[in-house]
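Everything on this sheet refers to the single structure shown next.
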Amino acid sequence: MIVPAITPNATYDFADDVRAGLSQRGQKELPSKYLYDDVGSALFEVISHLPEYGLTRADERLLRRHADEIVNRVAGPVAIVELGSGSGKKTRSLLESFSRRQPTFYYPIEISRAALDMCERELRDIDAISIVGFEREYLDGLQEVAAYRKRGQHLLVLFLGSTIGNFDRAAGVKFLAEVRRILEPGDSLLLGTDLEKSSAQLLRAYDDELGVTAAFNLNLLARVNRELDADFDLRQFAHVARINRETRSVEMHLQSKRRQSVSIPAAEVVVEFLEGETIWTESSHKYSMEEIVETAGQAGFRCETQWIDEQWPFAENLLIAE
Ligand code: AVI
C-alpha cells in the first residue's frame, strides 16, 4: 500500500549555498547534497551497477543474506524509517522479512522527489508493508515520524549505502548523535559503512572507465546552469577523483581546464577560475570496523552486531540506542 508522499516544508537555498561555496577564499566547494537532482539521482543509480563500484551491491548482498537475522534482533512492533532511500531496491529483502512477521509501516525520507517516486514504485507490491514517503531533509523527516509513533512501538532507522561517509568524521558523529536524540532507548539504527580499501580500487570506483561518475559530478554544474541561469561551459571542467590520506577519504573535484570566469545571475555572483583550480564537490570517508564501534558509542549507541561482505569490504552495523 502507498500513502501519498508528504511534500517539502523546508526550502534550502541553492543560490545562497552556491554563492557562498564559490566565492569563499581558498578551496571552492559545492555541497554534495546538490548532486542529487533528478538527473543526478538517475546517474547515481547507474553508478551502483558499474563493475568498478561495488559498494551498493555489497550493501544489498548483506541485507539479503542477513535480513531474517536483522529482523530477529530488532524488537517489535516496529516502524521503519529510511534516511535517503534512493531507488529502494536494496531495502526490499529487509521489508519482505519484516512483512512476514507483522504489518509494518515504512517511511522513506528523501530530498529527491524522483528518488522517492522510484522507491515507491519499486516496493509497492510487498504485502503488509505500508509506504509513506517524506520529501524532507533527513532529520526533519525523522523528527516527524518519531512525533507520531504509537505507544510501545520501536523505530528502526536505516542509514544505508555508506551515506555517513559523505560527512566528515566529526560531522558524522554529530549527525548520529542527533539521530540518537530523536530516538528512544531500545530503538535501533542499521548503519551501512564502506570500509578502507586500496587507493587503486577507490580511484577505479570513483573515476570509472565509462565516465558515469564524471557525468554525475559535472551534472552539478549543469544543475547550476539550469536552475540559476549560469553559463558554466561543461567542456572546460574535468572530473577528478583524489585520495586524501589524512582524512582517509576519496574526494571528487571539478577542475577548471583554463582561466575563465562564470556568471551565475540568480546567485548574483561572477566567479573567476584559475587554470587547474578545483571545486570540491564530495568526500567519501572510509571506515575501519573498530572505528564504527567507537563512533557509535560517542553518539549514544551500542554496536550490537557487524556483518561484513566478503567480496567488497563493507559493513552493515546494527546499533542500539542506549
Ligand atoms: C551516496 N554515496 C555514499 C556515494 C559515495 O560512494 O560516496 C556517492 C558517490 N559518489 C561518487 N560515486 C558515488
Side-chain angles (χ1 to χ4, degrees), residues 29-60 62-63 82-91 108-112 114-116 118-119 137-138 158-169 171-172 175-176 190-199 201-223 238-244 247-255 278-287 292 295 309 312-317:
E29 61 182 294
L30 288 171
S32 61
K33 68 177 176 182
Y34 293 119
L35 290 163
Y36 301 91
D37 65 347
D38 291 358
V39 178
S41 298
L43 286 167
F44 179 64
E45 176 60 22
V46 179
I47 290 174
S48 71
H49 293 277
L50 295 174
E52 297 97 321
Y53 188 83
L55 190 157
T56 312
R57 288 186 298 281
D59 200 12
E60 278 171 12
L62 287 169
L63 291 170
E82 180 159 17
L83 310 181
S85 58
S87 70
K89 232 187 288 164
K90 59 182 176 305
T91 318
I109 298 171
E110 262 295 341
I111 51 167
S112 159
L116 212 47
M118 233 193 292
C119 167
E137 300 263 355
Y138 298 151
L158 309 179
F159 196 33
L160 305 172
S162 202
T163 304
I164 186 77
N166 297 133
F167 293 86
D168 69 41
R169 281 171 216 277
F175 180 80
L176 295 183
L190 187 64
L191 181 69
T193 47
D194 202 22
L195 299 175
E196 291 171 315
K197 43 187 67 65
S198 77
S199 298
Q201 191 174 7
L202 285 176
L203 289 174
R204 274 197 302 275
Y206 288 83
D207 192 6
D208 62 278
E209 272 194 332
L210 268 178
V212 185
T213 308
F216 172 66
N217 198 7
L218 281 161
N219 175 58
L220 191 42
L221 302 186
R223 179 176 184 182
H239 164 70
V240 176
R242 276 185 198 161
I243 302 296
N244 184 330
T247 58
R248 286 178 291 130
S249 67
V250 50
E251 296 179 352
M252 293 204 310
H253 290 255
L254 290 162
Q255 184 166 47
T278 72
I279 309 171
W280 173 32
T281 52
E282 186 192 67
S283 286
S284 288
H285 295 80
K286 306 303 168 189
Y287 281 84
I292 299 159
T295 301
D309 188 64
W312 177 277
F314 188 96
E316 219 69 79
N317 311 276

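All ligand and atom numbering here is 1-based and tracks the order in the structure.
In Asn166, the part holding a heavy atom less than 4.0 Å from any atom of ligand 1 is the side chain.
The distance from ligand 1 to the heavy atoms of Ser284 drops below 4.0 Å at these ligand atoms: 5 (C), 6 (O), 7 (O). Each of the following atoms of ligand 1 lies closer than 4.0 Å to a heavy atom of Ser162: 3 (C). Atoms of ligand 1 found under 4.0 Å from any heavy atom of Tyr36, numbered from 1 in the order shown, are 1 (C), 8 (C). Close contacts of ligand 1 with Tyr53, meaning ligand atoms under 4.0 Å from a residue heavy atom, involve 4 (C), 5 (C), 6 (O), 12 (N), 13 (C). Of all the atoms in ligand 1, the ones that sit under 4.0 Å from a non-hydrogen atom of Gly161 are 3 (C).
Among protein heavy atoms, atom 10 (N) of ligand 1 sits closest to Glu282 OE1, 2.8 Å.
Between His239 and Leu254, the closest heavy-atom pair is CA-CD2, 4.3 Å.
For Arg223 and Tyr36, the positive end is not near the middle of the six-membered ring at less than 6.0 Å and at most 45° from its axis.
In terms of N/O distances under 3.5 Å, ligand 1 is approached by Tyr206.
Remark: distances from the non-hydrogen atoms of Gly165 to ligand 1 are all 4.0 Å or more.
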Item to complete: Kindly indicate, with the supporting measurements, whether the criterion side-chain hydrogen bond (donor to acceptor under 3.5 Å, both in side chains) is fulfilled by Asn217 and Thr281.
Response: CA-CA 7 Å; Asn217 198 7; Thr281 52; 2.8 Å; yes

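Defined by atom type and a distance below 3.5 Å, a donor-acceptor pair is present between the side-chain atoms of Asn317 and Thr193. Side-chain contact check for Ser283 and Asn166: no donor-acceptor pair (N or O, by modelled atom type) lies under 3.5 Å. In this structure, a donor-acceptor pair under 3.5 Å is absent between the side chains of Asn244 and Ser249.
The aromatic rings of Tyr53 and Trp312 lie tilted to each other, with the angle between the two planes from 30° to 60°.
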